[in-house]
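Let me begin by presenting the structure, written as structure tokens, before commenting on it.
Values below: all heavy atoms of this structure, side chains included; hydrogens, waters and symmetry mates excluded. In this chain, residues are counted from 1 in sequence order.
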Amino acid sequence: MPQIIIVGAGLAGLASALSLRRAGHKVQVFEASQLGFRDTEGTIAQIGPKVNDILKRWGVDAAVARPVLIKAVSEFDHDGAPGATEEAPKPPGWCYYQRSRLHEALLNSATAPTGSGHPVEIISGMKISAIDPEAGLVISQEGQAYHGDAIIGADGWHSISRKTLPLNDTTIPAPAKVTIHLNVDISGHEQNQIVQRFRLQPERYEKWCGANIELKLYSVEPGTILVDTVLPVGSTSGKSSYMFGYTNLAELDICEEYLKDELLKVFGSANSPLKELLDAAEYRDIQFWFYPNLPHVQEWAFRRLVLIGDAAHPFLPCEPPGTSQSITGADALAEALRSDVEMDHIPEHLAAWVIPRKERVKTIQGMERNDWPST
């Protein structure tokens, strides 16, 4: 039975762990964080019907994941005037998930003592300093070496795994966007128009559009409204409402208070029900992340190492296909790497998995950004 090591316990890592467990492998997952709520929360994940079918087939508990079916998308302008209502994405069956809940559901399924295969072992607080794809070794920062017959690099944007592959450009450019996620407690705001709309129609998704900025509102739990948005990071004078001047990342003096004020400048008109909710957002419930436009990853596999998720194909949080591609990639990986594969043939199986996956992601990212090079 092959021993699989997965570096990273985000959505891509846990999806890979669960899929490979079900395929009969013994799986260890090394994760640098402690997997607390702040480590697993993030922007809402939007997942289509085919990927939802994969989660059902894997036995992921919907009561924990709490998918919300998208029936329509209602639009409003910056002060709350209603605009058009879009139909749900096609084909029908698209859902949105609070990222921490989807993470919890995958983690529970991967480590459950019952079910197909051997429970996945999660080792948190394990920081990796190096990977040897030839020998199948993962080296911790303390110098401890761990052997895997295959190593899955699922360590995201700041991937150690990606740097191991010699042809990849691992230069991190200046940040291009800042993604903001707010978790707003709506208790005490029962008369707010937005709260009333979500109470009457829990399966709801709203877009609020200001100048060059769009807020997306969701609700997974009755007592909370979730807000996501993305702001550009620009090399400007810093006087624009949502363009931040910088010369390097250390000079980006941005905090939760500043970002909340920036959102209120656009969506805080006196007559807007959104102002009340933004005012109610506690600073501790605001998270933000800087994202650069990373170079496309040219090499996904070498010997016993293969990349998956954002380590292989970085999607910005505002690009909905990211989570779906991680899950479909994990499902296909288990098909390519069956438990009866001979140890000496693992590298060629990993390389064979890459070819169709890379073409698929190339097409999808091209549609999202229209910037994949033609050569």
Side-chain angles (χ1 to χ4, degrees), residues 8 10-16 19-20 42-58 70 73 86-97 99 102 152-157 159 161-162 165 167-173 176-177 179 214 216 228 230 291-302 305-337 348-375:
L11 295 182
L14 290 180
S16 301
S19 184
L20 290 166
T43 54
I44 287 289
Q46 296 187 35
I47 294 179
K50 292 183 179 179
V51 180
N52 280 309
D53 287 343
I54 293 173
L55 296 176
K56 291 176 185 176
R57 172 160 47 84
W58 286 353
I70 301 174
V73 182
E86 303 174 4
E87 294 184 358
K90 303 295 183 182
W94 279 80
C95 297
Y96 63 75
Y97 293 77
R99 192 168 293 265
L102 179 57
I152 316 300
D155 46 349
W157 285 71
S159 173
S161 306
R162 185 193 305 126
L165 303 178
L167 296 183
N168 289 335
D169 180 358
T170 58
T171 303
I172 303 296
K177 297 178 184 294
T179 297
E214 180 179 272
K216 299 176 182 179
D228 284 344
V230 177
Y291 291 96
N293 286 326
L294 288 175
H296 293 294
V297 178
Q298 299 303 319
E299 189 173 32
W300 289 17
F302 180 71
L305 170 65
V306 68
L307 306 180
I308 196 168
D310 283 339
H313 44 72
F315 280 89
L316 291 167
C318 57
E319 297 173 331
T323 300
S324 292
Q325 289 309 302
S326 294
I327 293 171
T328 55
D331 191 48
L333 184 59
E335 286 291 322
L337 201 63
E348 62 191 71
H349 282 259
L350 296 178
W353 170 83
V354 166
I355 296 170
R357 292 303 308 164
K358 183 180 282 189
E359 286 303 308
R360 172 69 174 159
V361 171
K362 178 179 178 179
T363 299
I364 292 171
Q365 284 193 330
M367 293 168 61
E368 287 289 319
R369 309 177 192 174
N370 196 30
D371 72 344
W372 191 289
S374 59
T375 57

- prompt: Are any side-chain N or O atoms of K358 and backbone N or O atoms of H313, one a donor and one an acceptor, separated by less than 3.5 Å?
  reply: no

- request: Measure across L307 and S161 and return the closest heavy-atom pair with its distance rounded to 0.1 Å.
  value: CD2-CB, 3.5 Å

task: Check each of I70, V51, T323 against Q46 using the side chain to side chain contact (heavy atoms under 4.5 Å, CB included) test, and report the only one that passes.
output: I70

field: Partners passing side-chain hydrogen bond (donor to acceptor under 3.5 Å, both in side chains) against E86 (at least two apart in sequence or in another chain)
entry: none

- prompt: Is there side-chain contact between T328 and R357, with heavy atoms separated by less than 4.5 Å?
  reply: yes

- line: Distance col, row L11:CG vs I327:CD1, nearest 0.5 angstrom, shows 7.0 Å

message: Could you tell me if the side chain of V297 sits less than 4.5 Å from the side chain of R162, heavy atoms only?
response: yes

query: Quick one: does S159's side chain have a donor or acceptor within less than 3.5 Å of a partner on D155's backbone?
result: no

task: Output all residues satisfying ring pair (Phe, Tyr, Trp, His ring centres under 6.0 Å) with Y97, sequence neighbours left out; order by chain, then residue number.
output: none

query: Who are the side-chain contact (heavy atoms from CB on, under 4.5 Å) partners of P49, not counting sequence neighbours?
result: P91, W94

- request: Ignoring hydrogens and angles, state whether a donor on the side chain of D228 or T43 is under 3.5 Å from an acceptor on the partner side chain.
  value: no

- request: Please report the shortest heavy-atom distance between I308 and S326, naming the atom on each side.
  value: CD1-O, 4.2 Å

message: Looking at every non-hydrogen atom in both residues, tell me the closest pair between A334 and L20 and how far apart they are.
response: CA-CD2, 4.0 Å

- prompt: Which atom names give the shortest non-hydrogen contact between N52 and C95, and what distance separates them?
  reply: ND2-SG, 3.8 Å

- line: Tightest non-hydrogen contact, residues G309 and A12, listed as CA-CB, 3.8 Å

Working for side chain to side chain contact (heavy atoms under 4.5 Å, CB included), residues S324 and I47: CA-CA 6 Å; S324 292; I47 294 179; 4.1 Å; yes

- request: Using the test side-chain hydrogen bond (donor to acceptor under 3.5 Å, both in side chains), find all partners of R57 that sit at least two apart in sequence or belong to another chain.
  value: D331

- request: Could I get the full list of salt bridge (Lys or Arg N to Asp or Glu O under 4.0 Å) partners for E359, not counting sequence neighbours?
  value: none

- prompt: Is a side-chain N or O of H349 found less than 3.5 angstrom from the main chain of L337, in a donor-acceptor match?
  reply: no

Close side-chain approach of L102 and L55, heavy atoms under 4.5 Å: yes

field: Shortest non-hydrogen contact from G329 toward W353
entry: O-NE1, 3.2 Å

field: K56: partners by salt bridge (Lys or Arg N to Asp or Glu O under 4.0 Å), with sequence neighbours left out
entry: none

